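Can you keep this structure in mind? I'll have questions shortly.
These figures come from a predicted structure and were not determined experimentally. The sequence lines fix the lettering, A, B, ..., with proteins before strands; numbering per chain opens at 1.
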Amino acid sequence: MDQQAILEKLKTLLPEAIKGSADRYGQLEVQVERLKIAEVVKALRDDPEVGFNLLIDIVSVDYSNYPGWTGDRFGVIYHLKSLGLGHRAWLKVTTPEEEPSVPTISHLYGNADWLEREAFDQMGIRFAHHPNLKRILNHHEFVGHPLRKDYPITRRQWLSANESLMDEMNARLNKKGYV
Amino acid sequence: MGMTGETFPAITTRKDAVVAWGQKNSLWPMPFGTACCAIEFMGVAASVFDIARFGAELVRFSPRQSDLLLVAGTVTFKQAPILKQIYEQMCEPKWVISMGVCASSGGFYNNYCTVQGIDQIIPVDVYISGCPPRPEAILQAVLKLQHKIENPNTTPPAQFKVKEPTFDY
């Protein structure tokens with residue numbers, strides 16, 4: 001499907017969730033209502049004509065120094081692709097500085113679990129109903145979110161002791177039935 | 001020692017000199033490899049450069065069996081307690097080589113997550129510059145460490161002394 005066909009399909013599926021769309025360097029960008037993002041992703045994944053069965057990446061953006069930007073401070077961009085049909089799209093939501101919260105899609109894509117944890121760790125986006133939203137790259141004694149524009153890049157924080165990570169291990173053992 | 005014509009088949013020396021001679025020629029390195037410098041260390045251990053010529057070829061991956069910790073690569077703050085624990089697990093006597101600019105000074109990772117030199121965590125005997133260093137530089141570091149083991153209380157010899165660079169901006 002080309003860009004226009006994907007957009008038309010999405011407008012028939014969930015018309016109230018679409019805020020706008022754009023052509024970004026030859027790819028479709030759809031601006032989505034923040035609280036509807038999980039429904040939109042699920043609809044696009046399960047629709048047989050669109051069939052976005054691969055979540056490529058989740059990117060978080062701090063627009064506080066962005067030239068000409070007047071919207072909310074933080075953006076979260078979902079890159080989706082259909083492996084069988086070959087087309088792609090970006091979904092973009094924005095979230096305000098006071099309450100940077102976006103519904104999780106970790107129940108729809110397995111890799112969204114760690115991608116959302118990375119966005120939380122580096123940018124401070126809270127993903128509502130995520131099963132284990134804790135830091136993934138920085139250590140657990142780290143204070144602040146280093147990729148925010150107001151974090152000084154050379155502010156370094158020492159770690160006293162590593163965490164055991166057994167909470168994640170026990171969850172996986174339980175899931176696989178080894179306990 | 002066993003040469004023809006000798007009447008008395010023995011030599012005299014000091015005990016610490018014999019011990020140091022044995023230590024410097026049988027360094028067992030443990031590579032703490034976290035980045036591309038560890039790949040370069042494989043080249044040093046392989047046949048072209050062959051660190052075995054200097055007696056340091058027996059690479060152990062346990063800190064309890066090795067006496068030379070070779071920190072090769074970037075050390076983050078998340079990795080720092082692990083490096084300190086591994087250093088403390090090594091038995092005395094032990095030496096540390098900091099390989100590459102990332103381990104020595106943080107390198108170009110002047111940011112929020114990288115330790116700006118492992119000497120903030122553990123004592124370092126020899127630093128190697130380079131990103132990554134050439135294998136010859138690692139061999140020179142081993143030679144320098146051997147000299148240090150042999151002469152524990154002396155300053156480095158003149159060939160290892162580098163004039164402090166001056167920058168006129």
Problem set entry | Neighbour count >12 (heavy atoms, 6.0 Å) for atom CH2, A:W158 | yes
Exercise. For A:Q157, is it the side chain, the backbone, both, or neither that has a heavy atom closer than 4.5 Å to a heavy atom of chain B?
Worked result: backbone
Problem set entry | Within 6.0 Å of CH2 in B:W21, more than 12 heavy atoms from elsewhere | no
For this session: Would you mind checking which part of A:R156 comes under 4.5 Å of any heavy atom in chain B, side chain (CB onward), backbone (N, CA, C, O), both or neither?
Result: both
Problem set entry | Interface moiety of B:T76 toward chain A, non-hydrogen atoms closer than 4.5 Å | neither
Exercise. Do A:E29 and A:Q27 have side-chain atoms, one donor and one acceptor, less than 3.5 Å apart?
Worked result: no
Seminar exercise, completed: Applying a strict 4.5 Å limit to non-hydrogen atoms, the region of B:Q79 in contact with chain A is neither
Exercise. B:D119 and B:Y127: side-chain donor and acceptor closer than 3.5 Å?
Worked result: yes
